[in-house]
Amino acid sequence: MAPSPEARGPLCQALLRWCRYAPGTEAHSALATLLEQLEAGVAAQHSCLPLEQVPPPARLAWASLLKDSGLLGTEGAPAPLVLWENALYLAKDARYEAQLAEALCARAAEPAPLAPAPGQLRGWLEVLFGAPGEAIDWQRLGAAMLLERRLLVLTGGPGTGKTSTVTRALTLLAAALQHEAGPVRIALAAPTGKAAARLAQAVAGAKASLANTPLPPALEAGLAAIPDEAVTLHRLLGYQPYGNRFSRGVDAPLAADVVLVDEASMVDLRLMAQLFSALAPETRVILLGDKDQLASVETGQVLGDLTAGVGQPTLSSARCRALEALTGDDLGPYEQATVPPLADCLCHLQRSYRFDPSGAVARFAAAVNEGRREDAWVALASGDEALCYSEVPEAVLDEAREAYLTLWRQEAAGVEDEALLVQLGAFTLLTPTRQGPLGVSGLNAQVATALRAAGAPVPAEGPFPGMPLMVLRNDPSLGVFNGDLGIVRGGEGGLVAVFPSAGAAPKRVPLDRLPAFEPAYACTIHKSQGSEFAEVSVVLPSGLGDAGQQLLNRALLYTAVTRAQKRVRLFAAPAAIDRCLAQAPLRRSGLARRLWSAAP
């Protein structure tokens, strides 16, 4: 992957400047090598280059070379590069990282008690989550954590109830804030249009479920304050593409009392730093996501860094006392005298309601996350029908052909849109790459050929009734976004695309009005993030080359298999699976160090 123009510019300028001042010298050659390493790291979405990872000749000192080059910035004298804690940064990435760390630590450290008495808040908690039991209910505790801090990082794997928890937490918080200061302003956001639409849909479902529970008036008002719409972070922050800037920031903060960001693992360093710079001091923020999923496609791994400091839950003594007063739980086992402020704002949901924790899928996903090769292969070989394995990647076509023949037959039979979308969500085919015979383009072509051979009227090119499609560009005016999955239907007025719609009838868009789209027999694992399907087939090609092999890591395989609700079929050569298990996802960053070494 070539560096973006923004990443390449300062480095090229730095190299040219050094070339002018020290052409042909040994020092120049050594520094040029260092800058090439940094540029390669930027292209791979690392935010910094630790100098110990680029061992220089013994007689050369990198820090001295950098200092003498004039390329390092100092206060009042900006330059392209920054050296912090023996790591080299582009100046912009160092700035984003430092600003974000400062904002997060400040927000995490400052108590923010609410007006209602602890007894009243505890009563509301019991209405929404039930009374305390023998074991800690981390969903309940997560909601309580939001009541006296302005930051909550709520993480958990698929099926752990993140959306249900956060909807109840927002209901509780809105009731408390309205008790204190009147109507509350809540913003729901996500990094992509697809993720925002899914967030709105999930929250609508959670609200509808909660509306069937008898609630006191304050909680009814809190539930009503949760909006039905979710927007992209770029829209929330007023992104202006022509200037590559945002209208919301320090001088123009967001008009919101609470901001919820879903799929936080997909938010890159710059965007997260911009969000926190745009928050008013009193605004509460909730970051929601799965820390083990793939990181953002741009620089950084913010959610991973936010959750890197602790293994088991740990809370400060003061935080334990405050939460015990709210919940009635005994938090003694999780108490430490002092912890970094961020630990007091972190809640990890671990109980999955989607998978049997003793089942093959759950055991395999856990083994993948932890790189336990032997346990992963034991799960694959267990004979559990929920996790099926084939060593022949090409065999994936048999599964896909049958799934999409069923979809085509149902469309041809004229089933209702709702039922057809349920069938669309019954299966997907996932792959790491777009190119190659077992990438998205190759699989799309091969599935179409297989359908044609089985009797489906699939044209050589172009859409047809029964074809699944994926939107490739956002069109807010139509309410469709990059990554949205729909299906083509015929009709008297011509072909239309049918999409799920949050809390409403399916959305129909004439195909000739739709932005760019492609057949969606297959999808990249990256684009599947945030989606769920009843059954998932995952193909991991071998022979991807050096660059492609870098794609195969634990986060990729974990993300793929956890898209399934009922069954996973994994098609891969053993070497490809072993490559995933052996390779932990790595993004070099200093953010975790800044966050978790913060003084209590």
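For the side chain to side chain contact (heavy atoms under 4.5 Å, CB included) with Leu199, the qualifying choice from Val166, Leu260, Val231 is Leu260, the only one to do so. Exactly one of Leu540, Val368, Leu551 qualifies for a side chain to side chain contact (heavy atoms under 4.5 Å, CB included) with Cys580. That residue is Leu540. When each of Leu478, Asp484, Asn482, Val509 is paired with Pro515, the side chain to side chain contact (heavy atoms under 4.5 Å, CB included) condition holds for Leu478 and for no other.
Using a 4.5 Å cut-off on side-chain heavy atoms (C-beta onward), Leu210 and Arg168 make contact. Under the 4.5 Å side-chain criterion, counting only non-hydrogen atoms from C-beta, Arg587 is in contact with Ser296. By the 4.5 Å heavy-atom criterion applied to side chains, Thr559 and Gln529 are counted as neighbours. Looking only at side-chain heavy atoms (C-beta outward), Leu170 and Val203 stay at 4.5 Å or farther from each other. Proximity of Leu570 to Leu557: side-chain heavy atoms (C-beta onward) are separated by under 4.5 Å at one or more points. Counting heavy atoms from C-beta outward, Thr406 and Gln410 have side chains that approach closer than 4.5 Å. Residues Glu394 and Leu438 are in side-chain contact: their nearest non-hydrogen atoms beyond the backbone lie under 4.5 Å apart. Between Tyr558 and Pro158 there is a side-chain heavy-atom pair separated by less than 4.5 Å.
In this structure, the separation between OG on Ser47 and OH on Tyr96 is 12.5 Å, given to the nearest 0.5 Å. Between atom OG1 of residue Thr163 and atom CG of residue Asp262 there is a gap of 5.5 Å, rounded to the nearest 0.5 Å.
Residue-environment remark: CG (Asp251) stays at or below the threshold of 12 foreign heavy atoms within 6.0 Å. Atom CD of Gln240 is surrounded by more than 12 heavy atoms from other residues, nucleotides or ligands within 6.0 Å.
Not one N or O on the side chain of Thr283 forms a donor-acceptor pair closer than 3.5 Å with the backbone of Val258. The closest donor-acceptor contact from the side chain of Arg149 to the backbone of Met145 lies at 3.5 Å or more, if one exists at all. Proximity of a side-chain donor or acceptor of Lys291 to a complementary backbone N or O of His348 within less than 3.5 Å is not detected. Of the possible donor and acceptor atoms, none in the side chain of Gln274 sits under 3.5 Å from a partner among the backbone N and O of Arg270. Listed for the Arg452 side chain is a donor-acceptor partner under 3.5 Å among the backbone atoms of Pro459. Of the possible donor and acceptor atoms, one in the side chain of Gln45 sits under 3.5 Å from a partner among the backbone N and O of Ala43. A donor-acceptor pair is defined here as one N or O able to donate and one able to accept, closer than 3.5 Å; such a pair exists between the side chain of Lys162 and the backbone of Gly157. No donor-acceptor distance shorter than 3.5 angstrom exists from the side chain of Arg567 to the backbone of Val536, with no hydrogens or angles considered. Side chain of Arg248 to backbone of Ala278: no donor-acceptor contact under 3.5 angstrom is found. Without hydrogens or angle criteria, Asp268 side chain to Thr299 main chain gives no donor-acceptor distance under 3.5 Å.
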Item to check | Worked check of side-chain contact (heavy atoms from CB on, under 4.5 Å) between Ser531 and Arg198 | outcome: CA-CA 8 Å; Ser531 299; Arg198 287 195 61 83; 4.3 Å; yes
Checklist entry - Under the side-chain contact (heavy atoms from CB on, under 4.5 Å) criterion, do Tyr521 and Met467 qualify, and how do the steps go? => result CA-CA 8 Å; Tyr521 304 114; Met467 185 189 85; 3.8 Å; yes
Item to check | Trace of the side-chain contact (heavy atoms from CB on, under 4.5 Å) decision for Leu421 with Phe499 | outcome: CA-CA 7 Å; Leu421 290 172; Phe499 299 94; 5.9 Å; no
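Using cut-offs of 30° and 60° for the angle between ring planes, the Tyr239 and His234 rings count as perpendicular.
The salt bridge (charged side-chain N to carboxylate O under 4.0 Å, His left out) pairs that include a residue from residues 182-191 are Arg185-Asp257, where partners are two or more places apart or lie in different chains. Screening residues 458-477 for side chain to side chain donor-acceptor pair (under 3.5 Å) gives Asp475-Ser477 as the qualifying pairs, with residues at least two apart or on separate chains.
Note on Arg563 versus Glu532: no salt bridge recorded, every NZ/NE/NH1/NH2 to OD/OE distance being 4.0 Å or above. The pair Arg489-Glu411 meets the salt-bridge criterion, since a charged nitrogen lies less than 4.0 angstrom from a carboxylate oxygen. The pair Glu385-Arg569 fails the salt-bridge criterion, with no side-chain N (NZ, NE, NH1 or NH2) lying under 4.0 Å from an Asp/Glu carboxylate O.
Applying the side chain to side chain donor-acceptor pair (under 3.5 Å) rule to Arg513 yields no partners; only residues at least two apart in sequence or on another chain are considered.
Residues Phe427 and Tyr404 place their aromatic rings such that the two centres sit under 6.0 Å apart.
Residues Lys207 and Thr171 have side chains that never bring a donor and an acceptor to within less than 3.5 angstrom of each other.
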